[in-house]
Amino acid sequence: MKTYALAKPALAREEERAVLEVLRSGTLSLGPKLVEFETQFARLLGVRYACGVSSGTAGLHLALLAAGIGAGEEVITTPFSFVASANAVLYVGARPVFIDIDPVTYNLDPAKIERAITRKTRAILVVHIFGQAAAMAPIMALAKKYRLKVIEDACESIEATYQGQKVGTFGESAVFSFYPNKQITTGEGGIVVTNNKRVYELCRSLRNQGRASNMQWLDHERLGYNYRLSELSAALGAVQLGRLDDFLAKRRALAVLYHKHLAPFGHLVQIPLTAEENTHSWFVYVLQVLKARIHRDRLIEALVRVGISTKPYLPAIHLFRFYKEKFKYRRGMFPVAEAVSARSLALPFHLELRERDVRFIVERLVKILEKGL
Ligand SMILES: *Cc1c(COP(=O)(O)O)cnc(C)c1O
């Protein structure tokens, strides 16, 4: 039986050659490849600084630390995200204050932000989910009005735009991830971008055990971490970055194929929508299962039996047990996020899929939906 993975990195000879070259050079950390990758990345976004780190999660931790957010403070963020965004707020001892999401983009609903602001609110941690930007104009206006910092979790949305401006260029800092299921990969890895020199220097120091910037090897001036990105990863990233335009064009084409093949089945599934102000960078292709009688989790099991991997993207963070216990979150508090979360289904989405694969996946999905479970 042919099987269809949910995600798969696109790796070729070029990547192999680049990694092998680093291996043979003997410089495996803090070398020229990291600088090259950071320089390329900053240029891509048109920002001053980029600081490579060991993961997107590590990047979020450093971005919050560099913003000076700490114990007793509040950060407004979304419950509809990968758990790492909210966890990073916990790492610095602050409280994630969730608000509900927009039903089209699944990102923070700006109309609900203002009433969540308290005297303790210090920042808005915006997540651009699934490859699509949050409504940055109203969010930036609110941040300005209440003097809040904005940090962007752009881990899923490299090159997505809002009103023509790239995600990752709105806030004080932004974080991208290069986990293997993301649009480009470094194996494990991430990057923090900013135009703020102080934020950049703090991130550089914190990722490297708190070392001073012009320092001797063992001069540590603050509590730091080991969040460095290896030369092997950076070399991989530099090659992947060079292929990004091609990758994104192919992802867009794949999304269009799914749109086309799913179009006749609007009574069964809602295809992903893109807000007018946005261009999408297609991290995943997530449907909403409309048919009330179909239990989404059983649908996932039925698809696995015919070789198709899908995932419930995403479980709502406020309903994870340790969030419920720690912060007294309950079902019913964020109805849009909960409804989207209960019906969402991510389909196989990677660059090896051809139109015949899309046709097969849609046929199987529709057959199960029409027959019922
Ligand atoms: C992938 C991801 C992260 C974490 O990135 P890692 O590199 O896996 O640590 C954070 N936030 C979002 C929204 C993500 O999709």
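Note that ligands are numbered from 1 as they come in the structure, with each ligand's atoms numbered from 1 the same way. Just so you know, these numbers come straight off a predicted model, no measurement behind them. We use all heavy atoms of the structure for the numbers below, so side chains are in, but hydrogens, waters and symmetry mates are not.
Residues satisfying the side-chain contact (heavy atoms from CB on, under 4.5 Å) criterion with R296, sequence neighbours excluded, are V289, I300, P312, S344, L345. In terms of the side chain to side chain donor-acceptor pair (under 3.5 Å) criterion, T194 has no residue partners (sequence neighbours excluded). Applying the side chain to side chain donor-acceptor pair (under 3.5 Å) test to Y313 and every residue at least two apart in sequence or in another chain returns nothing.
For R251 (side chain) and W282 (main-chain N/O), a donor-acceptor pair under 3.5 Å exists by modelled atom type.
Note that CD1 of I124 and CD1 of I113 are 4.5 Å apart. Values are rounded to the nearest 0.5 Å.
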Do any nitrogen or oxygen atoms of ligand 1 lie under 3.5 Å from a protein nitrogen or oxygen, and which ones?
from: ligand 1; atom 1: 5 (O); to: S177; atom 2: OG; distance (Å): 3.2
from: ligand 1; atom 1: 7 (O); to: G56; atom 2: N; distance (Å): 2.8
from: ligand 1; atom 1: 7 (O); to: S177; atom 2: OG; distance (Å): 2.7
from: ligand 1; atom 1: 9 (O); to: G56; atom 2: N; distance (Å): 3.3
from: ligand 1; atom 1: 9 (O); to: T57; atom 2: N; distance (Å): 2.9
from: ligand 1; atom 1: 9 (O); to: T57; atom 2: OG1; distance (Å): 2.5
from: ligand 1; atom 1: 11 (N); to: D153; atom 2: OD1; distance (Å): 3.4
from: ligand 1; atom 1: 11 (N); to: D153; atom 2: OD2; distance (Å): 2.7
from: ligand 1; atom 1: 15 (O); to: E156; atom 2: OE2; distance (Å): 2.6
from: ligand 1; atom 1: 15 (O); to: K182; atom 2: NZ; distance (Å): 3.2

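Not less than 6.0 angstrom separates the ring centroid of F98 from the ring centroid of F327.
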